[in-house]
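Since the model is a prediction, treat every value here as computed from it, not as a measurement.
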Amino acid sequence: MDAVLLDPSLYTVKAVLILDNDGERLFAKYYDETYPTVKEQKAFEKNIFNKTHRTDSEIALLEGLTVVYKSSIDLYFYVIGSSHENELMLMAVLNCLFDSLSQMLRKNVEKRTLLENMDGLFLAVDEIIDGGVILESDPQQVVHRVALRGDDVPLTEQTVSQVLQSAKEQIKWSLLR
């Protein structure tokens, strides 16, 4: 029996996806060149959705990749790693992402609230994974760090939605005077 020995690597996550209940992309972040073009990514996402949206299991092997997933109301969350990746590590990332979003969205993890809070989603994913390397698996720490990044950030480092929200507040207060 020829066993292929693979060197251990910190690069465990190949992609994080969030799809709606029609299989359309709401969020996708790929960490390697397994699917280099958007067309290939969309085809892969459609394949994943078709294979997983009717099942109650939490793990699938698809196109030589390990896929762990979870659904909530009208969203499907996916964390993808290579076929030799530890499913428990990938599941820890998935649970951390879901639990972080659940706390940030006050347990209202559904499409509309997620779309209204995309900046928080991007920050949370960046706190959990960097370039495919798992940085954090504690949702409390992720929520805390995302909250810190949202408070009193200089204008040059704010997200567009933060700048717009700040501008709305200033206009509202100037009109109320």
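- Taken from CG in N47 to CD in E63, the straight-line distance is 4.5 Å, to the nearest 0.5 Å.
- Considering all non-hydrogen atoms of both residues, E136 and E127 come closest at CB-O, 3.7 Å.
- Between R25 and E45, the shortest heavy-atom distance links the atoms NH2-OE2, 2.7 Å.
- Using a 4.5 Å cut-off on side-chain heavy atoms (C-beta onward), L101 and F77 make contact.
- For the residue pair E40 / Y30, no side-chain donor-acceptor distance below 3.5 Å is found, with atom types taken as modelled.
- One hydrophobic cluster holds both L105 and V16 under the rule that ILVMFWY side chains link at heavy-atom gaps under 4.5 Å.
- Atom OG1 of T12 and atom CD1 of I80 lie 12.5 Å apart (nearest 0.5 Å).
- A 4.5 Å side-chain heavy-atom check between V146 and S100 finds every atom pair outside the cut-off.
- Residue pairs meeting the salt bridge (charged side-chain N to carboxylate O under 4.0 Å, His left out) criterion with at least one member in residues 11-24, sequence neighbours excluded: K14-D32, D20-K111, E24-K46.
- What you find for M104 and V143 is that their closest heavy atoms are CG-CG2, 4.0 Å.
- A continuous path of ILVMFWY side-chain contacts below 4.5 Å connects L75 to L123, so both sit in one hydrophobic cluster.
- Residues F122 and V125 share a single hydrophobic cluster, defined by chaining ILVMFWY side chains whose heavy atoms lie under 4.5 Å apart.
- Residues L94 and V142 share a single hydrophobic cluster, defined by chaining ILVMFWY side chains whose heavy atoms lie under 4.5 Å apart.
- In this structure the side chain of Q140 never reaches within 4.5 angstrom of the side chain of H144, judged on heavy atoms.
- Note: L135 CG to Q141 CD = 12.5 Å, rounded to the nearest 0.5 Å.
- Qualifying ring-ring contact (aromatic ring centres under 6.0 Å, His included) partners for F49, counting only residues two or more places apart in sequence or in other chains: H53, Y76.
- Residues T55 and Y69 meet the side-chain proximity criterion, which asks for heavy atoms closer than 4.5 Å.
- With rounding to the nearest 0.5 angstrom, the CG atom of N117 is 6.5 Å from the CG atom of D119.
- Under the rule for a ring-ring contact (aromatic ring centres under 6.0 Å, His included), Y31 has no partner lying at least two apart in sequence or in another chain.
- By the 4.5 Å heavy-atom criterion applied to side chains, K29 and D126 are counted as neighbours.
- P139 approaches Q103 most closely through the heavy-atom pair CB-NE2, 4.0 Å.
- Put simply, the side chain of L121 reaches to within 4.5 Å of the side chain of I18, judged on heavy atoms.
- The main-chain N or O of L61 is never found under 3.5 Å from a side-chain atom of T66 such that the two would form a donor-acceptor pair.
- Using a 4.5 Å heavy-atom cutoff, the side chains of F27 and L114 are not in contact.
- Of the possible donor and acceptor atoms, one in the side chain of S72 sits under 3.5 Å from a partner among the backbone N and O of V109.
- Taking CG of D138 as the reference point, atom CG of D99 lies at 9.5 Å (rounded to 0.5 Å).
- A salt bridge between D74 and R112 is absent, with no side-chain N of the basic residue lying under 4.0 Å from a carboxylate O of the acidic one.
- Atom OG of S82 is separated from atom CG of L65 by 7.5 Å, given to the nearest 0.5 angstrom.
- Linking Ile, Leu, Val, Met, Phe, Trp and Tyr whenever their side-chain heavy atoms come within less than 4.5 Å puts L97 and I59 in one cluster.
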